[in-house]
Amino acid sequence: MELQAVLMAAGGGSRMTDLTYNTPKPMLPVGNKPLMWYPLNLLERVGFEEVIVITTKEVQKMMVADPKMKIDVKMKLDVVCIQEDGDMGTADALRHIQQKIKTDVLVVSCDLITDVALHEVVDLFRAHNATLAMLMSNAHEFTETVPGQKGKKKTAEQRDFVGVDQSGKRLLFMANEADLEDGLSIRKSIMRTHPRMHIKTGLVDAHLYCLKKAVVDFLADNKSISSIRGELVPYLVRKQFSKTTNSPKIKDDAENQNQKTNDGSTNHELLISSRDESLLQLAQERSCWNDHRGDMSEAYHGGKLRCYVHIIDQGLCCRVNTLAAYIEANRLAPKLFEEPAVHPSAGISERCQMGSDSIIGALCQVADKTSIKRSTLGNSTTVKEKVKVTNSIIMHGVTIEEGCNIQGSVICSNAVIGRGADLKYCLVGNGQRIEPEAERTNEVIVGTDQLMEI
Amino acid sequence: MADSGVTDEPITKDGVHRAKTEGKELTKEEKQRLRKEKKQQKKNKERKDEKASQESEKKKKNKEEKPVSAAAPASQPPTQPSTQKAPSAVPAPAPVPVPVSETPALADKPAKSKADLKAERRARQEAERASKQAATSKPKAPPNELQPVVKRLPEHVQVDNPGVLKKLAKKLERQQIPLRSDYGYKVSLFSHLHQYSRKAPLTQQLSIPSTVIHPAIVRLGLQYSQGIVAGSNARSVALLHAFKQVIRDYTTPPNEELSRDLVNKLKPYISFLNQCRPLSASMGNAIKYIKKEISNIPSQCKEEEAKSKLLSCIECYIDEKIILAAKAIAKSSIEKINNGDVILVYGCSSLVNHILCEAFEKNIKFRVIVVDSRPRLEGREALRRLVQRGISCTYVLISAVSYILPEVSKVFLGAHALLANGYVMSRVGTSQIALVAKAFNVPVLVCCETYKFCERVQTDSFVSNELDDPDDLIVTRKGKTQLEHWQDVPSLGLLNLVYDVTPPDFVDLVITDLGMIPCTSVPVVLRVKNVDQ
């Protein structure tokens with residue numbers, strides 16, 4: 001077997017608590033499919049037959065109950081449950097399933113919606129015998145107004161600095177603004193081997209990683225690394241240029257000792273050699289190929305640890321971890337699959353105006369004289385007469401009484417919107433009731449118990 | 001006409017008629033018979049002439065018979081003409097035409113009736129044989145022309161023949177390997193070869209955790225198609241490395257024998273690698289060796305034992321044919337490198353680089369001129385390796401080779417394969433270097449291990465070659481990419497050839513691990529190798 005797929009579906013959705021306090025993030029409906037259906041569909045399309053899903057018990061229960069997951073996903077899902085409240089990072093989760101990992105592993109996050117050709121990432125991993133291969137995309141600005149946002153909030157998101165080489169494939173540098181206290185410093189050893197580096201800041205990490213099995217074994221020994229993205233990836237990128245992995249003969253042993261103690265937490269080195277290493281060396285020596293030119297060193301500068309990244313410019317690659325991303329995903333996700341926009345079991349009356357880019361879920365009831373444009377209606381929603389729904393996301397089990405006007409809003413499951421209500425750019429939480437004739441603009445309406453959580 | 005002529009004529013006519021209906025195989029024999037008949041008639045005529053003229057006719061006959069006897073062994077198998085011609089008065093196609101021809105001339109009178117009878121018998125035999133052949137309608141002549149051990153040579157690539165393409169597609173479908181589609185307009189002279197694009201790898205059509213093909217083979221195919229593993233030796237070593245992993249992960253299914261099943265498992269892998277990049281001659285020989293070793297595993301051998309035996313065979317092959325051969329060739333070549341030499345090398349040949357580095361270790365004072373060519377620019381890598389060792393080098397492009405040759409004392413070339421007729425198949429541009437070197441009277445030495453010797457015969461670079469990605473020829477200078485939209489121009493084709501063949505006249509010596517041999521001794525080496533195996 002070449003690769004094992006692991007889906008990380010235990011995340012809490014900490015940046016969109018309004019949506020996730022009742023529905024766990026992996027089961028949030030996007031285009032009327034649960035969010036985790038998208039990465040699973042990607043893996044299935046590419047040819048995986050088995051996926052290890054790391055999730056919480058709650059999600060597992062919901063997964064079993066959801067018809068979409070049962071019918072559409074044909075792969076074998078090996079569900080591993082972990083504690084929900086435990087502070088388990090993604091790397092901790094990998095360590096937890098170390099026994100199941102027998103070969104190289106492909107880690108996917110449950111909130112990734114993309115149509116990238118996965119073979120591009122995996123080809124980098126295979127061809128260069130890389131230790132890490134990841135996927136990134138040039139981010140697009142979100143254009144839709146996000147409900148609940150007061151004014152134009154400039155995202156004070158901490159930027160990621162990603163340094164790649166001339167070809168744009170080899171990862172040289174990765175750091176988050178938060179970790180850089182006094183400026184961006186780049187090691188001399190990197191500059192010596194790669195004098196030309198492109199540093200990019202506008203990239204979105206898709207959280208799709210191909211990791212060698214040796215990395216999983218390394219994680220098992222080093223319990224201090226708890227997050228793949230936050231700690232493991234920067235560590236691996238730094239380790240590419242560290243002296244200990246590159247040169248077997250070290251001039252200054254004392255210096256080496258210092259380095260080791262500075263690294264501190266990492267007791268065991270990453271063993272990347274394989275069987276028949278000598279044959280591979282021989283083949284590389286006899287081959288007339290070099291990945292760079294202009295200096296005297298051999299291919300890959302003799303380094304055994306290599307990290308690669310595939311950056312996509314076009315195509316859909318979206319991580320649903322904020323409200324804005326969620327809305328954007330709902331807009332774009334229908335393009336990914338060819339199912340009919342209107343579910344066959346939905347009851348749409350004839351005098352209803354429905355735009356072609358709207359999605360109606362199963363068992364919906366839409367009455368006369370309604371207008372639904374650029375919106376998503378969840379399963380079992382009821383929409384009464386003379387309702388105008390524009391640019392909105394309505395989840396499952398919602399009841400919208402007559403004469404409502406809903407614009408640019410997100411209505412969570414089982415909410416009830418009273419008659420004649422006028423909602424603009426609002427977020428209505430789970431199970432909320434909006435009184436009739438209410439007029440709300442740019443508000444987040446959630447239950448009082450939610451307000452207590454910080 | 002003589003009497004024999006009368007009796008012979010109707011049968012002759014029948015024979016000729018039959019020959020015309022049955023095809024070519026009879027025409028040569030038929031022609032010979034006709035020639036013999038004519039000779040007989042001539043003899044009968046000349047018998048009437050004076051003896052003085054007979055002597056001159058003997059000479060004429062000798063001349064006639066010589067071409068006949070020369071033609072006969074070339075076209076006829078030794079058995080058949082002996083049955084026909086032994087009784088005849090005409091000399092057998094044995095290498096002694098002259099004295100035999102004397103005897104019928106001298107014994108003309110008493111042998112006349114004998115000759116007639118013999119001619120009739122011969123004609124009858126001919127007729128019988130012709131009728132037998134008509135019944136069986138098997139072309140006996142062509143297969144018997146070759147030596148008894150006939151080897152099936154690989155079919156030539158024929159991309160412009162839809163029938164062959166369909167067969168290939170069917171074979172790949174059976175093996176569950178995707179078919180790689182050709183890219184771009186092909187120059188018409190080379191339209192029978194495949195032309196692939198590097199941007200459309202074969203892995204696009206494979207499932208990602210590849211189950212049909214072993215992951216080591218997928219990785220190898222990718223490395224081949226992207227050029228990460230390039231060069232005849234490197235490709236063979238990488239192939240054997242991948243095969244080692246395949247053998248390690250192999251388990252014999254129940255009710256199957258390892259010797260047969262493993263060979264069948266390897267066939268789709270080889271097709272896959274062929275689709276990624278056409279196999280080289282060295283790889284072909286390595287595959288043949290492995291298949292032979294696998295088939296020779298006795299059936300009562302246990303699986304673990306068999307696998308370890310195969311793994312050690314592979315290691316042994318690499319050690320002997322590649323590593324030790326390189327050492328032996330270096331040793332022989334160093335004798336040819338003298339102090340003060342200026343050596344010209346072309347491209348990046350791992351063997352030539354090894355030789356030069358070894359020579360430098362032995363403290364021979366020489367300098368190297370590295371000749372390079374687009375689009376591969378492999379010379380840069382050779383330059384890097386030599387300069388890293390401390391050898392003083394000059395770097396030129398192939399367009400400057402005639403300017404630099406007056407300085408050169410020797411040319412060392414590497415080879416991709418050595419063909420059975422003595423031609424050297426190597427990177428495109430090698431034949432040019434050899435040609436110019438010959439014009440300047442500079443000795444050309446080709447270094448090649450024996451495992452690269454190939455039984456194929458080729459005299460031109462068109463029949464069997466490889467087309468690389470045409471987009472490699474596109475270059476951006478000062479921000480302008482002139483050939484960017486070459487596909488839109490209907491009359492423009494980009495040709496990126498990989499190999500060419502150098503005739504043996506331009507090569508002075510071939511240095512192999514068996515010693516230093518002339519180019520034309522390659523078939524001898526092949527024959528010796530086959531006898532060994």
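The chains referred to below are lettered A, B, ... by the order of the sequence lines, with proteins before strands, and numbering in each begins at 1. Fair warning: this is a prediction, and the values are worked out from it, not measured in the lab. Scope of the values below: all heavy atoms of this structure, side chains included, with no hydrogens, waters or symmetry mates.
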Pick one of side chain, backbone, both or neither for A:D291, based on which atoms fall under 4.5 Å of a heavy atom in chain B. neither
Considering only heavy atoms, which portion of A:V46 lies under 4.5 Å from any heavy atom of chain B: side chain, backbone, both, or neither? both
Please determine, by modelled atom types, if B:S232 and B:S282 share a side-chain donor-acceptor pair under 3.5 angstrom. yes
Measure centre to centre between the rings of A:H194 and A:H292, then say whether the value is under 6.0 Å. no
Residue A:S297 versus chain B: region with a heavy atom under 4.5 Å: backbone
Heavy-atom cut-off 4.5 Å, strictly under: side chain, backbone, both or neither for B:R376 against chain A? neither
Quick check: under 4.5 Å, non-hydrogen atoms only, which of residues 108-121 of chain A neighbour chain B? A:L118, A:H119
Do A:D123 and B:Q204 get their side chains close enough for a donor-acceptor pair, meaning under 3.5 Å? no
With a 4.5 angstrom heavy-atom cut-off, is it the side chain or the backbone of A:Q4 that approaches chain B, or both, or neither? neither
Counting only heavy atoms closer than 4.5 Å, note whether B:R248 contacts chain A via side chain, backbone, both or neither. side chain
Got a second to check how far A:I101's CD1 is from A:L219's CG, nearest 0.5 Å? 10.0 Å
Please state whether the side chain, the backbone, both or neither of B:V218 comes within less than 4.5 Å of a heavy atom of chain A. side chain
Under 4.5 Å from any heavy atom of chain A, what part of B:R384 do you find: side chain, backbone, both or neither? both
